[in-house]
Amino acid sequence: MKNEILKVIKESVDSLAFSGIPTEAEFEVSVPKRKEFGDFSTNTALVIGSMTGENPREVAKRIVAAIEKRQFTFIERLDIAGPGFINFFVNKTLFESELREILRLGGQYGASREGSGQKVIVEFVSANPTGYLHFGHARNAVVGDSVCRILSFCGYEVTREFYVNDAGRQMDMLGESVYSALARLSGLAREIPEDGYHGEYISELAEEIRESEECPQVPGDEPEAVEFCREFAYSKLLEEIKTDLLDLRVDFDNWYSERTEIHGRGPEKGKIGETLASLEDIDAVEEKEEARWFKASLYGDGKDWVIIKKDGAPTYFLSDIAYHVDKYSRGFSWIINVWGADHHSHVSRLKSSIKALGLDESSLQVLLMQFVRLVRDGVEVPMSKRTGDFVTLREVLREVGCDATRFFLLMRSSDSHLDFDLSLAKKESSENPVYYVQYANARISSLLRNSAEAGVSASEEHLGLLSYDEERNIVKILLRFPEVVHSAAESLSPHKVVYYLQELAAGFHFYYNRTRILDSGDADTASARLYLARCVQVVIENGLGLLGINAPRSM
RNA sequence: GUCCCCGUAGCUCAGUUGGAUAGAGCGCAGGAUUCCUAAUCCUGAGGCCGCAGGUUCGAAUCCUGCCGGGGACGCCA
């Protein structure tokens, strides 16, 4: 509907032939919050005024005259207000046809084809398989997942990928830590290395190994036993990670193993070797202080970085370059990484490497997530304990449930720090915003359940009976859904959907309290009101679906 | 020292590609249920949009500087 208004404006502006207006000039059509500003409003005259130097109100007058001359039946009235806004008051039949459209589209209302099947890869979580997921990973997981849902809804072909960092020193540390614990169980005086892993799960893994049939001899061939411990712990922990993520309703298409996909057999082979060779071919590598450096400063980053260490092993940075080259070669036109804010310096250095290799770094976008602070009753809960244990995702899920966890983690813009209030998330009361939205949906389901008994069914026949003033507010909120989805996709911001749903739920609760729906006096009015309620439900379900949150029929 | 994010109501935060009288939730004070789910609704109080300059018809929004909080800064991942 907004597009129709915009079309009218553009045609009218064209007919007036203002001088000095670029054809692609951007005019904005918005739905004003204040109803005296009309159903739609545009800043067109202000934009033109600032380009031509004319008085915006005079410009507005000419545009209004041009539109009025064409006598559109759906426009009831035009106003010029403030510095030169043009406000549209439209015929209510337009709203009625939009309501019919919502139910016709159902689960597809708000979806679009703007992605036109472009391939996009979203890499997120990518936690090291050296421990359980802690709660800090949860924000990344939930936001990444929701971004994927939103992009799919907008017509992108989305691949969800978890990059498994199963190569390198961290994995060796894991093996040695578990082996040490195993050795202690066998009565050897042995400490877990200082920079190893110290959580309780390490001894639990050791105990599992001891009870398994393949348990290596201790003491015995130590390197072999350490390797066994590493592999055992790795596969076990990766399974635990998958389990936790599924409990959070986060699923991946690819579990991309660094070890097998990137490293191949040693640093001179596989994708690591190829990438190193490509960088050397363009003379972007130099030897210094016995190490080899990528000259990132030549490609827009502040400084150079080591890619091959003194000991000849590749750094994480090099395998990361190789990994991203691989993403490009898999044909993705949009590459999205969801990273923690502590990785921010990696963004420019990774981009500089992409640029150096002649790839288009503008298709690589990194969504940096600010940190989460856990709070209980207003007091910060430390995320990690001295023992090396963390507050795990699993604990929080068990305590507050998936819906509340997701809702709270999605509520804030990702570049804002987030306080996760455990006591609030757990509350099943009016203070908790999760239930506010779900409750609106449950109420509507209840109405639909009761409708048969009341002899009412949702019908589009009598939508004209909806009172223009009373129900219009809800319709206008419903109509905004597609643009909210668009905006959330464009800016990778699921929180926009959260805010929107709260507003929609508020609109419905207000209406519900004020208006009888089923027993509204006559069956025709009731059928129209029920129809409207059904539309609200469609949008709430679609919106919650984008957030991965359930829409229960009863509460 | 350099770079990134943030600073908006008592608290937690939206709004930031410049637009009309800056919003929400929580908290606080009061009120609403003979009737479709009160996990709801209504009313009220509460603001130098961190500070100071600049850009212009117009700045919470853009630019510069400063202050405060968080994070990152070569052989860890």
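Letters go in sequence order (proteins before strands), and every chain restarts at 1. All of these numbers come straight from a predicted model, not from anything done at the bench.
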Would you say the side chains of A:Y511 and A:E471 form a donor-acceptor pair under 3.5 Å?
yes
Would you kindly compare A:R553 and A:S416 by the position of their nearest RNA chain B nucleotide and give the one closer to the 5′ end?
A:S416
Just name whichever nucleotide pairs with B:rG30, Watson-Crick or G-U, keeping both distances under 3.5 Å, else none.
B:rC42
Using a distance-only test with no angle check, is there a side-chain donor-acceptor pair under 3.5 angstrom linking A:T44 and A:T42?
yes
Under 4.0 Å: is that the gap between some side-chain N or O of A:K309 and OP1 or OP2 of B:rC76?
yes
At 4.0 Å (heavy atoms only), tell me whether A:E289 reaches a base, stays on the sugar-phosphate, or touches nothing.
base
Any strand, both distances under 3.5 Å, Watson-Crick or G-U wobble: B:rG1 pairs with B:rC73
So what does A:Y316 hit on the nucleic acid, given a heavy-atom distance under 4.0 Å: a base, only sugar-phosphate, or nothing?
base
Would you say a side-chain N or O of A:N450 is under 4.0 Å from OP1 or OP2 of B:rU37?
yes
Can you tell whether the side chains of A:D172 and A:R169 come within less than 4.0 Å, N to carboxylate O?
no
Describe the nucleic acid contact of A:S520 in one word from base, sugar-phosphate, nothing, applying a heavy-atom distance below 4.0 Å.
nothing
B:rA20 base stacked by A:F37? Criteria: ring centres under 5.5 Å, plane angle under 30°.
yes
Ignoring hydrogens and angles, answer whether the base of B:rA77 and the side-chain atoms of A:H346 contain a donor-acceptor pair closer than 3.5 Å.
yes
Report the nucleotide, chosen from B:rC41, B:rC5, B:rG15, that has the shortest atom-to-atom distance to any side-chain atom of A:K496.
B:rG15
Is B:rA14 paired to anything, Watson-Crick or G-U wobble with both distances less than 3.5 Å, and if yes, which nucleotide?
none
Under 4.0 Å, counting only non-hydrogen atoms across every strand here, what does A:Y512 touch: a base, just sugar-phosphate, or nothing?
base
So A:A442, base contact, sugar-phosphate only, or nothing? Heavy-atom distance under 4.0 Å.
base
With a 3.5 angstrom cut-off on both distances, give the Watson-Crick or G-U wobble partner of B:rG58, or none if there isn't one.
none
Which is true for A:N441 with a 4.0 Å heavy-atom rule: it touches a base, it touches only sugar-phosphate, or it touches nothing?
nothing
Axial cation check for A:F508 ring with A:R443, 6.0 Å and 45° limits
no
Which part of the nucleic acid, if any, lies within contact of A:T515, taking any heavy atom under 4.0 Å across all strands shown: a base, the sugar-phosphate backbone alone, or nothing?
base
Quick one: label A:R373 by what it contacts on the DNA or RNA (base, sugar-phosphate, nothing), any heavy atom closer than 4.0 Å.
nothing
Pairing partner of B:rC66, by Watson-Crick or G-U wobble and under 3.5 Å for both distances, is B:rG50
Taking atom types as modelled, is there a side-chain donor on A:E161 or A:Y323 under 3.5 Å from an acceptor on the other?
yes
With a 4.0 Å limit, can you tell me whether A:H495 has a side-chain N or O closer than that to the phosphate oxygens OP1/OP2 of B:rG15?
yes
